[in-house]
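For reference, the structure discussed in these notes is given below.
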Amino acid sequence: MIRGMTARPLELTLRGILLGGLITLVFTAANVYLGLKIGLTFATSIPAAVISMAVLRAFRDSSILENNIVQTVASAAGTLAAIIFVLPGLVMIGYWQGFPFLTTAAITALGGILGVMFSVPLRRALVVDDTLPYPEGRAAAEVLKIGEESRSGGADSAKGLAAILASTAASAGFALLTQTKLVVAEAATFFRVGAGATGIVGGLSFALLGAGHLIGLSAGMAILAGIAIGWWIVLPILTAAGPQAGDVATWATTVFRNDVRFFGAGVIGVAAIWTLVTIAGPVARGLRASLAASRGVRDADTALEERDLPFGIVAGVSLAVLIPIAFLLHETVAGGPLAGSEWLLIVSSLLFILCIGLVIAAVCGYMAGLIGASNSPVSGIGILAVIAASLMLVGWFGRGGGVAETQALVAYALIVTGIVFGIATISNDNLQDLKTGQLVGATPWKQQVALVIGVCFGAVVVPPVLQLLYVSFGFAGMPGAGPNALPAPQAALISALAQGVLGGDLNWTMIGWGAAVGMVAIVVDESLGRAGRMRLPPLGIGLGIYLPMGATLTVVAGTIVGHFYDRWAAGTRDPESASRLGVLTATGMIVGESLWNVVFAGIVYETGSDAPLALVGEAFATPALVAGPIIYAAIAWWLYARTRRVAAT
């Protein structure tokens, strides 16, 4: 039979799209609330895959490819909820008095659709031709595969299912235990170093441990280098340079948030540019292959697994989306303090969105491949984007305008950043999903269509949830905010950055020093590569500096554990099977915590409390600090010992 014409299982189906849409309603709403409440969101692809498999098992003709479409739709919509890291800033500065549905949905959808289109030609460069680990993409694929294999039974599938269920239960159980406050979710100690201060912080998260196992030792060591630079070199120097503010922990974390993160943003900026340079060749080849595939969509000799959306459609949709963006920006400017500068602003902003958006799509895709979509510092990309957008406005308007003009410029910068941020979040998620698709044999163009559908679902859900939370709680920092206002930390930071650039008081010193360190990191990485040594990706170093240590040190530990497990597996009688059981154990760690986060987000929303399951108070803090690491280490040891025992049989 002609290749590409063989019968395939159902893939892009109406029921799959509708199921993905229903999951989206829950996950997107949960992510919006959780992100505004505690500044964190959870990955939705793996929980969506688990739910999809449970539901679609009732249909005899369902398949792994259809389940993949469901998780693709749901993950795109859930990821788009990260727009909350930008848009609440418009309320905080007093420019919006709520979230107008059409405007909010338009910003969300238009940026998301561009994110899908911009990342289509990147699939070949970053997913097919590159060796990036894509931890969550691989984990989602393993979940789908083990679900498919479990239908037919067999010893290997039984072992794999048992491994993933054991680590899922352990991960979810420990996450639940941390919410009771009987054990800590993060073990930290802060101390003085000479005249300065620093600390060691480890997040007791099995999802982070599992992600570390999947990303590999090279990325882990790069992140560890970033931790050492940011926390144990830069932080002690900066804290020693100023007076102590509060206790040692408060002092260190405040300086980290206000200064070290900007240092890390500088490293990420330079590493991002270098990443773009290094993948320019593969991206160009991907574009050429995409053009060839667009001519071969009707060619039976073109494998289905290699068919992206045709380049003509990608380019046409991208250009078409710029038209409603232009109308949106015109409505923002018309009749206000910036009236009369509409065309200047609109043309320059469209060029900005195109150029910066393409760069950000490539960088975010690379970051997702390196460390995973959940752990990627998309807020750091938002920081760089809002700085760049604000600098563009300073170039046209300068500084020193009236209060109304400055507010309008800040609002305009946030709206442009919101569109770019949509590109960042979706491209970050898109390539993870396409990696999952590659591993399960999906058709890329069908996944890309599903991603656009997921974006539209998310764009419809986000505005009413934001409006509900605005009316019910408000946001800290906005005019008239009450005591129960949601903190929305990233939105507060990004809006403050726009005001800082337009007002002339941004922390350029730290960004500049970070950029210099980023250049050194590039030289070191290239030198290691030429010497045939293990490389230290500069972007990984930037992530280690920028992200809180509680989110990175455990990932590093996971890379070390995974490295030693794989060395052990290589010496077994069936290395491939033993290695896969390790991957499934790590996958279960991510699955368990992800599913628990869905449940917990709903509990937080219903109760209005950020600690609704707490059984003890602050008086139990010391026993919880002692018990947490001990129980965590014991569970981790048991999981890997169990996996080794099963793999050896």
So does [Y] get a backbone contact from the side chain of [X], meaning a donor-acceptor N/O pair under 3.5 Å?
X: Trp231; Y: Pro236; result: no
X: Glu593; Y: Ala207; result: yes
X: Thr554; Y: Gly203; result: yes
X: Gln179; Y: Lys181; result: no
X: Tyr412; Y: Leu345; result: yes

Nearest heavy-atom neighbours spanning [X] and [Y]:
X: Ala413; Y: Ser390; value: CB-OG, 3.8 Å
X: Leu235; Y: Ala197; value: CG-O, 3.6 Å
X: Ala188; Y: Leu625; value: N-CD1, 4.3 Å
X: Thr108; Y: Ala459; value: CG2-CA, 3.9 Å
X: Phe475; Y: Leu466; value: CZ-O, 4.4 Å
X: Gly550; Y: Glu186; value: CA-OE2, 3.7 Å

Taking the side chain as every heavy atom from C-beta outward, state whether [X] and [Y] have any atom pair closer than 4.5 Å.
X: Val234; Y: Ile545; result: no
X: Phe263; Y: Ile229; result: yes
X: Pro337; Y: Gln407; result: no
X: Leu338; Y: Glu405; result: yes
X: Leu329; Y: Val416; result: yes
X: Leu122; Y: Ser427; result: no
X: Phe190; Y: Val201; result: yes
X: Leu354; Y: Phe118; result: yes

- Query: So Val420 and Ile353, side chain to side chain contact (heavy atoms under 4.5 Å, CB included) or not? Walk me through it.
  - Reply: CA-CA 6 Å; Val420 173; Ile353 289 168; 4.2 Å; yes
Rounded at 0.5 Å granularity, tell me how far [atom1] in [X] sits from [atom2] in [Y].
X: Tyr546; Y: Ile223; atom1: OH; atom2: CD1; result: 15.0 Å
X: Ile419; Y: Leu414; atom1: CD1; atom2: CG; result: 11.5 Å
X: Ile346; Y: Leu322; atom1: CD1; atom2: CG; result: 12.0 Å
X: Thr406; Y: Leu393; atom1: OG1; atom2: CG; result: 11.0 Å
X: Thr198; Y: Ile233; atom1: OG1; atom2: CD1; result: 10.0 Å
X: Leu451; Y: Met117; atom1: CG; atom2: CE; result: 8.5 Å

Compile the donor-acceptor pairs under 3.5 Å between side chains in residues 80-106 and protein atoms, sequence neighbours left out, one pair per line.
residue: Tyr95; atom: OH; partner: Thr332; partner atom: O; Å: 3.3
residue: Gln97; atom: NE2; partner: Gly94; partner atom: O; Å: 3.0
residue: Thr104; atom: OG1; partner: Pro100; partner atom: O; Å: 2.8

- Note on the structure: Checking Asn430, Asp433, Asp429 against Ser119 for side-chain hydrogen bond (donor to acceptor under 3.5 Å, both in side chains), the one that qualifies is Asn430
- Check side chain to side chain contact (heavy atoms under 4.5 Å, CB included) between Ala240 and all other residues, then give those that pass, not counting sequence neighbours. Ala195
- Query: Hey, are Thr250 and Asp247 close enough side-chain-wise for a donor-acceptor pair under 3.5 Å?
  - Reply: yes
- Query: Is it the case that more than 12 heavy atoms not belonging to Trp343 sit under 6.0 Å from its CH2 atom?
  - Reply: no
In a table with atom names and distances, give each donor-acceptor pair under 3.5 Å that connects a side chain of residues 491-498 to protein atoms at least two apart or in another chain.
residue: Ser495; atom: OG; partner: Ala491; partner atom: O; Å: 2.9
residue: Ser495; atom: OG; partner: Ala492; partner atom: O; Å: 3.0

